[in-house]
Novice: 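This structure is in structure tokens; I'll ask about it shortly.
As a basis for the values below, the full set of heavy atoms in this structure was taken, side chains included, without hydrogen atoms, waters or symmetry mates. In what follows, chains are A, B, ... by sequence order, proteins preceding strands, each numbered from 1.
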Number of protein chains: 2
Amino acid sequence: MEATAPTLSRKAQIDQTATALFRTRGFAATSMRELAEALGLEAGSLYSHIKSKQELLHRICFRLADDFFAGFAAATHDAAEPAAVQLRRAIESHVRVLTQDVAASAVFLHEWRHLSEPARTEFLALRERYEAGFRLLIQRGIEQNDLRTPDVAFATLTLLASLNWLPSWYKPDGKLPPSEIAHRLADQLLLGLANS
Amino acid sequence: MEATAPTLSRKAQIDQTATALFRTRGFAATSMRELAEALGLEAGSLYSHIKSKQELLHRICFRLADDFFAGFAAATHDAAEPAAVQLRRAIESHVRVLTQDVAASAVFLHEWRHLSEPARTEFLALRERYEAGFRLLIQRGIEQNDLRTPDVAFATLTLLASLNWLPSWYKPDGKLPPSEIAHRLADQLLLGLANS
DNA sequence: TAAGGTTCCTAACGTTCGTTAGCAAGCAGA
DNA sequence: TCTGCTTGCTAACGAACGTTAGGAACCTTA
């Protein structure tokens, strides 16, 4: 049946289909029977591969979190670089992660609230830590006289907001390639921050 | 019809509590029994005042849509004004509507997908029409040489994205008053677009 | 051949869901 | 007074929910 999916494990297939359904219908509104039907099997059969519905959401959210952190670390690896340059790299990395798996990104951004404790609290802590990374870059960019803004926290929120809206409209088969989107977004956002 | 306080107030009370619950738990994850309990009554009693759960979501979403359109119309009422000025007014109006009822705004922004047809399609059409209004303002601002951007549609999406993230972090009792938030947002976004 | 893991099935469990029916208390205007 | 509207109750409906148990094919490896 699967000619295009070579050796994707059953578990990975379930993750992928669940991600797509969680994105379009939402986590709470997606039933295990819907998920099973989309995979061509019965609801009970899912539990040979996964422990619970919650586990699916957990894996999706925390895998994305890992990706974002890894990308940010790579983007800011060279401490000798100006903060403004690091910020541009971080923005491009963020967009790359978003566009690499739009469905998972949308779930990451909108369905995390359905994580049960303590995962939910842990998730929010990671999110805050990630935002703090961007905040620090902007702060250092200001100190290095490359950026300007009356309110660093405010600017950080606005910047990430602009980026995070992307999964709402991005189509993988659109005419703009992800790299070009990243470039334009960084331009538009940084030229609003850049001095002179 | 009636201006009598008890009738409207009970229904408005249900709307308000439902809005708060839909915001924090999500529409699909909020049960009528939860809603009833939050109001201090039994689930069945709700149906003396409303027709269905769906009706609650419908009313929340379309009331906000009305508010946004009314605000936009007022902001762009004076056709003699430069488009850049109208855009600033429209941004401030948008922020005003968002902050006036943060909970309803969050539902408007995130739960509309649970609207059943044909309301969902109608809602998306309204949303597109609203975005088109902003797009036109930016377009005219460019023609009047007050704004610049390589991609009008792109800039519009980014602008609205920045604004619409506001309900995620805005606290009505925060130290920044809504008008100041609107001002700063407009500044940060427009100085990124403004020429020279 | 035997063993063990992977995969999926049917059937059912207890719970919760949105909603309805029927009824009753309270209050308003006639 | 009667009438009718508002508000709320209890009880229950059928449907859908996440999940489990137990069994049976299949594939691989030895």
Side-chain angles (χ1 to χ4, degrees), chain A residues 1-3 5-22 24-61 107 111-117 119-120, chain B residues 1-61 107 111-117 119-120:
Chain A
M1 171 168 159
E2 310 296 334
T7 43
L8 206 56
S9 76
R10 204 55 168 141
K11 192 165 182 175
Q13 278 180 42
I14 294 175
D15 276 7
Q16 188 175 302
T17 307
T19 302
L21 285 175
F22 290 171
T24 56
R25 298 207 202 286
F27 175 77
T30 302
S31 74
M32 296 304 273
R33 284 168 177 84
E34 270 183 303
L35 173 57
E37 195 187 4
L39 286 156
L41 36 90
E42 297 300 315
S45 309
L46 289 170
Y47 291 84
S48 299
H49 306 91
I50 63 167
K51 220 188 63 187
S52 66
K53 187 187 181 186
Q54 181 66 213
E55 186 205 51
L56 286 171
L57 180 61
H58 188 283
R59 193 158 47 237
I60 295 169
C61 288
V107 173
E111 305 299 327
W112 57 265
R113 53 157 113 223
H114 294 111
L115 286 169
S116 55
E117 297 294 354
R120 199 185 121 113
Chain B
M1 284 311 185
E2 296 282 340
T4 51
T7 302
L8 292 185
S9 106
R10 201 42 167 155
K11 195 165 180 173
Q13 221 179 334
I14 294 176
D15 276 5
Q16 188 175 308
T17 308
T19 302
L21 284 175
F22 290 171
R23 179 201 190 179
T24 55
R25 298 208 203 285
F27 175 77
T30 302
S31 73
M32 296 304 273
R33 283 167 178 86
E34 269 183 304
L35 172 58
E37 196 189 4
L39 285 156
L41 31 92
E42 297 299 316
S45 309
L46 290 169
Y47 291 85
S48 298
H49 306 90
I50 64 167
K51 220 188 64 186
S52 65
K53 186 187 182 186
Q54 181 66 213
E55 188 205 49
L56 286 171
L57 181 61
H58 188 283
R59 193 159 48 239
I60 295 168
C61 288
V107 173
E111 305 299 326
W112 58 266
R113 56 162 99 234
H114 295 110
L115 285 169
S116 54
E117 296 295 356
R120 199 185 121 115

Novice: Hey, is CD on Gln16(B) packed in by over 12 heavy atoms from elsewhere, all under 6.0 Å?
Specialist: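 No.
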
Novice: Please work out which residues in residues 26-37 of chain B have a non-hydrogen atom less than 4.0 Å from an atom of DNA chain C and list them by number.
Specialist: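 Here the set is Thr30(B), Ser31(B), Met32(B), Arg33(B).
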
Novice: Assign each of Gly40(A) and Lys51(B) to its nearest nucleotide of DNA chain C by heavy atoms, then name whichever residue's nucleotide is nearer the 5' end.
Specialist: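 Here Gly40(A) is the residue nearer the 5' end.
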
Novice: Do you know which two heavy atoms are closest between Phe27(A) and His114(A), and how far apart they sit?
Specialist: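 Here Phe27(A) and His114(A) meet closest at CD2-CB, 3.4 Å.
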
Novice: Any carboxylate oxygen within less than 4.0 angstrom of a Lys/Arg side-chain nitrogen, looking at Glu37(B) and Arg33(B)?
Specialist: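 Looking at Glu37(B) and Arg33(B), the cut-off is not met.
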
Novice: What base-paired stems does DNA chain D take part in, with at least 3 consecutive Watson-Crick or G-U wobble pairs and both distances under 3.5 Å?
Specialist: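 Consecutive-pair runs (3 or more) involving DNA chain D: C:1-27 with D:4-30.
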
Novice: Looking at residues 41-48 of chain B, who's got a heavy atom less than 4.0 Å off DNA chain C?
Specialist: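 Output list: Gly44(B), Tyr47(B).
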
Novice: Side-chain contact, heavy-atom cut-off 4.5 Å: Ile60(B) with Glu111(B)?
Specialist: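 Result no, sub-4.5 Å side-chain heavy-atom pair not found.
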
Novice: Please determine whether the number of non-hydrogen atoms from other residues, nucleotides or ligands lying under 6.0 Å from atom CZ of Arg25(B) exceeds 12.
Specialist: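 For Arg25(B), atom CZ is not crowded (no more than 12 foreign heavy atoms under 6.0 Å).
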
Novice: Work out which heavy atom in Leu39(A) is nearest to a heavy atom in Arg10(A); give both atom names and the distance.
Specialist: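 Looking at all heavy atoms of both residues, the shortest contact is O-NH2, 3.5 Å.
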
Novice: Taking CG from Leu39(B) and P from dT7(D), how many angstroms apart are they, rounded to a whole number?
Specialist: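 One finds 13 Å between P of dT7(D) and CG of Leu39(B), rounded.
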
Novice: What closest approach, in Å, do Leu56(B) and Asp15(B) show between heavy atoms, and which atom pair accounts for it?
Specialist: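 Minimum heavy-atom contact is CD2-OD1, 3.3 Å.
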
Novice: Can you name the closest pair of heavy atoms from Cys61(B) and Val107(B) and give their distance?
Specialist: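 Taking every non-hydrogen atom into account, SG-O, 4.5 Å.
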
Novice: Under 3.5 Å, is there a donor-acceptor pair between the side chain of Arg120(A) and the main chain of Arg113(A)?
Specialist: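 Yes: the side chain of Arg120(A) pairs with the backbone of Arg113(A).
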
Novice: Please give me the minimum heavy-atom distance between His58(A) and Ala119(A), naming the atom from each residue.
Specialist: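 Answer, listing the atom of His58(A) first, then Ala119(A): CD2-CB, 3.6 Å.
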
Novice: If we check salt bridge (charged side-chain N to carboxylate O under 4.0 Å, His left out) with Glu55(A), which of these qualifies: Lys53(A), Lys51(A), Arg59(A)?
Specialist: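 Between Glu55(A) and the candidates, salt bridge (charged side-chain N to carboxylate O under 4.0 Å, His left out) is satisfied uniquely by Arg59(A).
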
Novice: Just the rounded figure in Å: distance from C1' of dC26(D) to CZ of Arg10(A).
Specialist: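 It works out to 14 Å between those atoms.
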
Novice: What is the distance from CZ of Arg25(A) to C1' of dA16(D), rounded to the nearest Å?
Specialist: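 Rounding to the nearest Å, CZ of Arg25(A) and C1' of dA16(D) are 15 Å apart.
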
Novice: What is the distance from NZ of Lys53(B) to C1' of dC17(C), rounded to the nearest Å?
Specialist: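 Lys53(B) atom NZ is separated from dC17(C) atom C1' by 8 Å.
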
Novice: Hey, does the side chain of His49(A) come within less than 4.0 Å of dT6(C)'s phosphate (OP1/OP2), counting only N and O?
Specialist: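 No.
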
